[in-house]
Every structure is written in C-alpha cells, then in structure tokens.
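Below is one structure, written out as structure tokens, with a few remarks after it.
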Amino acid sequence: MSTDNTAAGASLSRDVLAHLGDVVAQRRAEGDPDKSYVAKLFAKGLDQILKKVGEEATEVVIAAKDGAPDKLVYEVADLWFHSIVALAALDVRPERVLAELARREGLSGLEEFASRQPQERP
Ligand SMILES: N=c1c2ncn([C@@H]3O[C@H](COP(=O)(O)OP(=O)(O)OP(=O)(O)O)[C@@H](O)[C@H]3O)c2ncn1[C@@H]1O[C@H](COP(=O)(O)O)[C@@H](O)[C@H]1O
C-alpha cells in the first residue's frame, strides 16, 4: 500500500470510528429503546452490554476456528461495535483506543512486556 493509501485508510478508520462514537453517545443520551438497538442495550445496563461483548468474542473464536474469513470479518465487526458501546458506557471515546494503538506503533510487544514491572504483568 502506498503512503497516500495508508494515510487515507487511517483517516477513514478515524472517521468511521468517530462517527460511530457520536451515534452511540447520542443513542445513550436520548435514544428510544423501541427504535434503537444501542438505546435498548443501554437500557438493559452494563452487565448486558458486557455479556454481548463476551458472546461476540466467542463468535470471533468460532469463526476463526472454522476457517471462515467472511464470517470472521462479520463477527469482528460485531465485537468492535459492542466494544465501542462498552467504552461509551464508561464515557470513553473510541478514538482513545486508536490513540493507544498509535502510541504502541513501532514498540515491540516483547520489549514492552519486558519493560513492565513484574506486578504489572498478567
Ligand atoms: N454497527 C452496528 C451494529 N453491529 C451489530 N449490531 C446489532 O447487534 C446485534 C447483534 O446481536 P446478535 O447477533 O447477537 O443478534 P440478536 O440475537 O438480535 O441480539 P440479542 O437479542 O441476543 O441481544 C444485532 O441486532 C445487530 O443488528 C449493530 N447495531 C448497530 N450498529 C451501529 O449503531 C448505529 C445505531 O444503531 P441503532 O441504535 O439501532 O439505531 C447503526 O447505525 C450502526 O452504525
């Protein structure tokens, strides 16, 4: 991919995420649970939102184990979407996750793990 395409892709990702973040925040603030899936999820509460995140994560695993790329993309989209709803429940914008990934760019996961204090390691 050229530098231009990479930049355009990054900008598209930011736009899509930011727009979805706006829509989810709007539904949380004033959505009608009878007309909006997101408002309905918020009306059910945090435990139900987190249950959906867990279910979608399981579906991602199943799609990958089945070797089904199209299904995997679909399920990852469901997981990302429900994760964005979980972030919103704690007043966190999805752009913060992008910023965290950007911060990690070029930082080897192995080096980062080695630099953590033992008590910070999972
Ligand atoms: N990206 C999504 C999105 N991805 C998945 N889903 C919904 O998430 C649900 C996935 O749950 P399941 O597959 O488990 O289906 P289900 O059995 O109906 O769900 P449950 O009854 O078990 O909760 C489905 O109802 C999907 O339609 C989404 N719903 C909404 N969005 C975005 O959120 C925006 C606002 O949506 P509304 O609040 O519905 O207007 C939309 O414009 C989209 O941009």
Side-chain angles (χ1 to χ4, degrees):
M1 196 186 269
S2 75
T3 307
D4 277 359
N5 279 346
T6 306
S11 165
L12 177 67
S13 310
R14 263 196 311 276
D15 290 351
V16 169
L17 269 188
H19 179 66
L20 189 51
D22 289 344
V23 172
V24 167
Q26 185 275 335
R27 297 293 197 266
R28 183 185 179 208
E30 56 194 27
D32 177 349
D34 290 330
K35 296 184 184 146
S36 153
Y37 174 76
V38 176
K40 193 170 153 194
L41 260 185
F42 279 119
K44 287 180 178 171
L46 182 61
D47 282 0
Q48 188 59 30
I49 293 169
L50 300 180
K51 185 165 170 264
K52 290 303 294 178
V53 172
E55 284 174 16
E56 301 304 348
T58 303
E59 284 169 19
V60 166
V61 172
I62 292 168
K65 288 292 281 181
D66 286 349
D70 292 346
K71 179 85 176 137
L72 180 59
V73 169
Y74 187 90
E75 297 301 351
V76 169
D78 271 358
L79 177 60
W80 287 11
F81 163 70
H82 284 89
S83 299
I84 287 168
V85 175
L87 287 167
L90 275 74
D91 287 318
V92 180
R93 292 284 310 184
E95 293 93 322
R96 277 191 58 188
V97 179
L98 276 186
E100 174 60 18
L101 287 172
R103 185 190 68 78
R104 296 179 191 181
E105 252 176 40
L107 182 65
S108 156
L110 296 179
E111 283 170 25
E112 189 275 335
F113 186 82
S115 73
R116 287 187 208 169
Q117 298 300 316
Q119 65 269 21
E120 293 174 330
R121 293 179 191 163

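In listed order, ligands and their atoms are each counted from 1.
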Legend entry - Protein contact for atom 9 (C) of ligand 1 (heavy atom, distance under 4.0 Å): yes
Inset, instruction - Indicate whether atom 42 (O) of ligand 1 is within a distance of less than 4.0 angstrom of some protein heavy atom. - result: no
Legend entry - 4.0 Å protein heavy-atom contact status of atom 21 (O) of ligand 1, strictly under: no
Legend entry - Contact partition for Tyr37 relative to ligand 1, non-hydrogen atoms under 4.0 Å: both
Legend entry - Rounded distance (nearest 0.5 Å) linking atom CD of Gln48 with atom NZ of Lys52: 7.5 Å
Legend entry - Per-atom contacts, ligand 1 versus Glu56 - under 4.0 Å to a heavy atom: 10 (C), 11 (O), 14 (O)
Legend entry - Protein heavy atom under 4.0 Å of atom 17 (O) of ligand 1: no
Inset, instruction - Have a look at Asp78, Leu20, Asp32 and point out the one with the heavy atom closest to atom 13 (O) of ligand 1. - result: Asp78
Inset, instruction - Return yes when His19 approaches ligand 1 closer than 4.0 angstrom through a heavy atom, no otherwise. - result: no
Inset, instruction - Number the atoms of ligand 1 from 1 as they appear, then name those within less than 4.0 Å of a heavy atom of Lys52, with their elements. - result: 11 (O), 12 (P), 14 (O), 19 (O), 20 (P), 22 (O), 23 (O)
Inset, instruction - Run the numbers for me: atoms of ligand 1, each under 4.0 Å from some heavy atom of Val23, listed by number. - result: 34 (C), 35 (C)
Legend entry - Any Gln48 heavy atom less than 4.0 Å from ligand 1: no
Legend entry - Protein non-hydrogen atom found under 4.0 Å from atom 26 (C) of ligand 1: no
